[in-house]
Amino acid sequence: MPLQNRMDPEGCIHVTPSRGIMMGNRGGRIHDPETKKLTNRRWANKAWIICVTEFNNRHRELMGYSYTELFFLDEVTALAAGHRPCFECRRKAAKAYQAAWQRAENLPEAPKVGVMDPVLHAERLEGKVQRHHSIGKAELVDGVMILHESELFAVKDKTLLRWSFDGYVKSTTTIADLPETCTSLTPPASVRALAHGYQPIWHPSAI
């Protein structure tokens with residue numbers, strides 16, 4: 001039976017058999033290892049990360065006594081939910097994200113996770129729910145996830161891809177159809193990283 005460990009772009013955790021291609025966590029355990037059900041907590045600390053599903057041939061029991069494994073359709077979905085690349089299993093990607101953040105903010109050196117994580121945490125939450133952000137249509141870059149007319153879309157190659165747990169479908173709605181100001185799910189810091197060269201991993205359906 002599927003566990004409650006599948007994330008949507010709005011940061012909500014669902015039960016579905018579709019697992020996607022990326023994994024991650026919210027800084028620790030947010031489930032009861034005996035029942036394998038989520039507790040009332042929705043994060044353990046501010047280090048919300050994006051991981052690969054296989055690393056160094058490690059094997060683990062899902063929702064056991066370690067951190068709560070969360071699954072995403074792809075990295076674009078995970079970024080929208082407020083996560084960032086892991087420095088252990090995805091070090092190259094994490095360094096690329098860090099460098100893009102540095103370029104975006106014109107910093108003299110790459111920011112450490114102790115700098116990035118509090119910024120992302122403040123941008124991804126409003127109370128206990130995901131914070132939405134206004135973004136100009138002209139600012140939409142590849143990898144940004146938006147909410148439009150109650151549907152979720154990812155921006156790619158100047159087109160809109162409708163999101164689902166099973167993959168993307170190209171939409172008849174175009175960027176030209178959008179209002180001048182849109183609702184972004186992706187936190188502004190990650191939007192800026194995307195705009196300054198960070199290349200996320202897309203699900204194979206995003207063609």
Side-chain angles (χ1 to χ4, degrees), residues 7 9-11 20-28 42-56 67 70-126 130-147 152-161 163 175 181-203 206:
M7 301 291 303
E10 293 191 278
I21 64 171
M22 305 299 292
M23 190 179 81
N25 67 73
R26 289 181 169 180
R42 285 298 177 265
W43 60 88
N45 60 49
K46 296 177 182 179
W48 294 21
I49 58 175
I50 310 167
C51 302
V52 291
T53 56
E54 296 182 16
F55 181 64
N56 284 353
Y67 60 78
L70 302 172
F71 294 88
F72 306 90
L73 176 68
D74 58 5
E75 188 170 15
V76 173
T77 305
L79 289 172
H83 293 240
R84 58 149 176 89
C86 172
F87 272 88
E88 182 182 7
C89 68
R90 301 189 61 225
R91 187 163 186 81
K92 183 177 179 180
K95 297 286 281 186
Y97 180 87
Q98 186 182 43
W101 185 304
Q102 180 183 0
R103 290 192 295 273
E105 303 300 332
N106 195 29
L107 300 175
E109 59 183 21
K112 298 185 183 300
V113 295
V115 172
M116 295 188 291
D117 286 345
V119 172
L120 287 170
H121 199 69
E123 291 182 348
R124 65 192 164 216
L125 292 174
E126 189 163 9
Q130 185 179 17
R131 185 177 175 186
H132 292 172
H133 301 271
S134 295
I135 187 171
K137 181 164 67 173
E139 300 173 78
L140 294 176
V141 295
D142 282 8
V144 172
M145 191 81 69
I146 64 168
L147 177 66
L152 303 170
F153 296 95
V155 178
K156 190 173 190 290
D157 298 331
K158 301 187 184 300
T159 63
L160 295 179
L161 302 177
W163 182 93
I175 291 180
T181 300
C182 304
T183 299
S184 172
L185 303 179
T186 310
S190 286
V191 172
R192 292 190 292 272
L194 291 166
H196 285 79
Y198 185 67
Q199 299 292 318
I201 295 174
W202 288 84
H203 188 267

Enter the distance from [X]:[atom1] to [Y]:[atom2] here, rounded to the nearest 0.5 Å.
{"X": "M7", "Y": "T77", "atom1": "CE", "atom2": "OG1", "answer": "10.0 Å"}
{"X": "Y67", "Y": "I49", "atom1": "OH", "atom2": "CD1", "answer": "7.0 Å"}
{"X": "I146", "Y": "L140", "atom1": "CD1", "atom2": "CG", "answer": "6.0 Å"}
{"X": "I201", "Y": "L73", "atom1": "CD1", "atom2": "CG", "answer": "12.0 Å"}

| query | Would you find a donor on one side and an acceptor on the other, under 3.5 Å apart, between the side chain of Q130 and the backbone of A80? | reply | yes
| field | Any donor-acceptor pair under 3.5 Å from Q102 side chain to P111 backbone | value | no
| task | Could you please spell out the steps behind the side-chain contact (heavy atoms from CB on, under 4.5 Å) verdict for R124 and H83? | result | CA-CA 9 Å; R124 65 192 164 216; H83 293 240; 5.9 Å; no
| field | Stepwise side-chain contact (heavy atoms from CB on, under 4.5 Å) test for L194 and L79 | value | CA-CA 10 Å; L194 291 166; L79 289 172; 4.1 Å; yes
Using distance only, find each side-chain donor-acceptor pair of residues 181-191 under 3.5 Å and give its atom names and separation, not counting sequence neighbours.
residue : atom : partner : partner atom : Å
S184    : OG   : T186    : N            : 3.3
S184    : OG   : T186    : O            : 3.0
T186    : OG1  : M145    : N            : 3.0
S190    : OG   : Y97     : OH           : 2.8

| query | Going through the checks in order, is the side-chain contact (heavy atoms from CB on, under 4.5 Å) test met by I21 and T53? | reply | CA-CA 7 Å; I21 64 171; T53 56; over 6 Å; no
| Parallel, tilted or perpendicular, as decided by the 30° and 60° cut-offs, for the rings of H121 and W48 | perpendicular
| Only one of R90, R84, Q199, H203 clears side chain to side chain donor-acceptor pair (under 3.5 Å) with E75; which? | R90
